[in-house]
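Everything below concerns the one structure shown next.
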Amino acid sequence: MTVPVFRFAPSSNGALHLGHAYSAMLNHRLAREAGGRFLLRIEDIDTSRCSPELEQAIYRDLEWLGIEWELPVRRQSDHFEDYRAALDRLEDAGLVYPSFMTRGEVRAFIAEAAAEGKPWPRDPDGAPLFPSIDRERAPSERKRLAAEGLPFAWRLDMESACTALGHGVDWDEEGAGPCGETGRVRADPRAWGDVVLARKETPTSYHLAVTVDDALQGITHVVRGRDLFFATAVHRLLQELMGLPVPRYYHHALMLGADGRKLSKSEGDTGIAALRKAGATPADIARMVGLDNPL
Ligand code: GLU
């Protein structure tokens with residue numbers, strides 16, 4: 001029998017809050033209950049916003065909560081070559097292309113379409129889908145633009161990727177999506193359009209790094225917030241394209257603030273360190289996130 005492997009994968013771009021505490025404690029508990037392993041991964045690909053100090057603060061908060069993880073911790077910024085290798089494979093398969101349009105150009109293009117009365121499609125997070133201009137460029141034009149020194153991002157050619165795969169993708173959901181989706185869930189990667197896989201300043205993307213790492217670390221159970229439910233469609237597609245193993249997924253409810261909105265990293269009063277300073281104990285935190293019942 002394979003040993004279940006769980007992970008908590010925070011980004012070190014801010015302080016942990018109650019939502020992170022819930023996710024970390026839930027993963028830790030499920031791993032223990034299953035007689036499995038618990039790994040910690042630092043998702044710091046955005047090196048302009050992540051810092052070693054924030055990473056240390058994450059360790060302090062988790063330790064204080066009584067969470068134990070295996071060493072070494074995988075820090076994504078130490079492994080950019082792994083994500084590059086994955087991107088190379090997709091490039092060799094002809095499934096990625098360089099996109100040169102700047103954010104401003106995309107905005108202007110979409111505003112123009114909207115002015116003509118064409119509603120522009122949006123992804124599940126509400127961001128406009130990337131226009132097809134760059135995808136349709138001739139190879140010679142791509143070469144010319146790159147030779148001019150124009151910065152570009154690598155994007156997945158979603159339509160070609162889905163066509164190349166030739167079959168739909170789904171996953172086993174043990175938690176639930178925003179509309180109660182559970183059990184065998186049909187993935188809809190096309191809803192995301194041509195997602196970014198790497199940028200000039202960040203040589204990978206969340207989607208690519210999380211997919212590569214979950215496979216490399218042998219993660220069998222991905223337990224994370226419901227805000228990433230729909231993104232799973234992209235992860236499942238990438239797994240299929242690269243022949244990677246498929247974990248089970250458990251998307252848990254999000255901790256909401258007093259205003260009913262998702263907690264953010266700037267929310268001081270729900271920050272773990274702030275609560276600790278105010279005299280809260282780890283048991284108080286467990287109670288606050290609803291995980292205080294004994295195993
Ligand atoms: N790093 C992501 C975050 O902090 C979580 C990624 C995941 O669990 O797949 O929101």
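Both ligands and their constituent atoms are indexed starting at 1 by order of listing. When reading the values below, keep in mind they use all heavy atoms of this one structure, side chains included, and skip hydrogens, waters and symmetry mates.
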Checklist entry - Heavy-atom contacts under 4.0 Å between H20 and ligand 1: side chain, backbone, both, or neither? => result neither
Checklist entry - Any idea which atoms of ligand 1 are less than 4.0 Å away from a heavy-atom of V210? => result 9 (O)
Checklist entry - Apart from V210 itself, which Ile, Leu, Val, Met, Phe, Trp or Tyr residues share its cluster (side-chain heavy atoms under 4.5 Å, direct or through members)? => result Y206, L228
Item to check | ligand 1 atoms in contact with E43 (distance to a heavy atom under 4.0 Å) | outcome: 1 (N), 2 (C), 5 (C), 6 (C)
Next on the checklist: Measuring from atom 3 (C) of ligand 1, which candidate in G14, A209, S11 has the nearest non-hydrogen atom?
Outcome noted: S11
Checklist entry - Can a non-hydrogen atom of Y206 be found less than 4.0 Å from any atom of ligand 1? => result yes
Checklist entry - Quick one: do E70 and R7 make a salt bridge, cutoff under 4.0 Å? => result no
Checklist outcome for this item: R7 heavy atoms within 4.0 Å reach ligand 1 at atoms 7 (C), 8 (O), 9 (O)
Next on the checklist: Over 60° means perpendicular and under 30° means parallel, so tell me whether Y249 and W171 are parallel, tilted or perpendicular.
Outcome noted: perpendicular
Checklist outcome for this item: Grouping ILVMFWY residues whenever side-chain heavy atoms fall under 4.5 Å, the cluster of F109 otherwise contains Y97, M101, V106, I110, W120, L129, F130, I133
Checklist entry - Relative to ligand 1, is L228 under 4.0 angstrom through side chain, backbone, both or neither, heavy atoms considered? => result side chain
Checklist entry - Would F100 and F152 count as a close aromatic pair, with their ring centres under 6.0 Å? => result yes
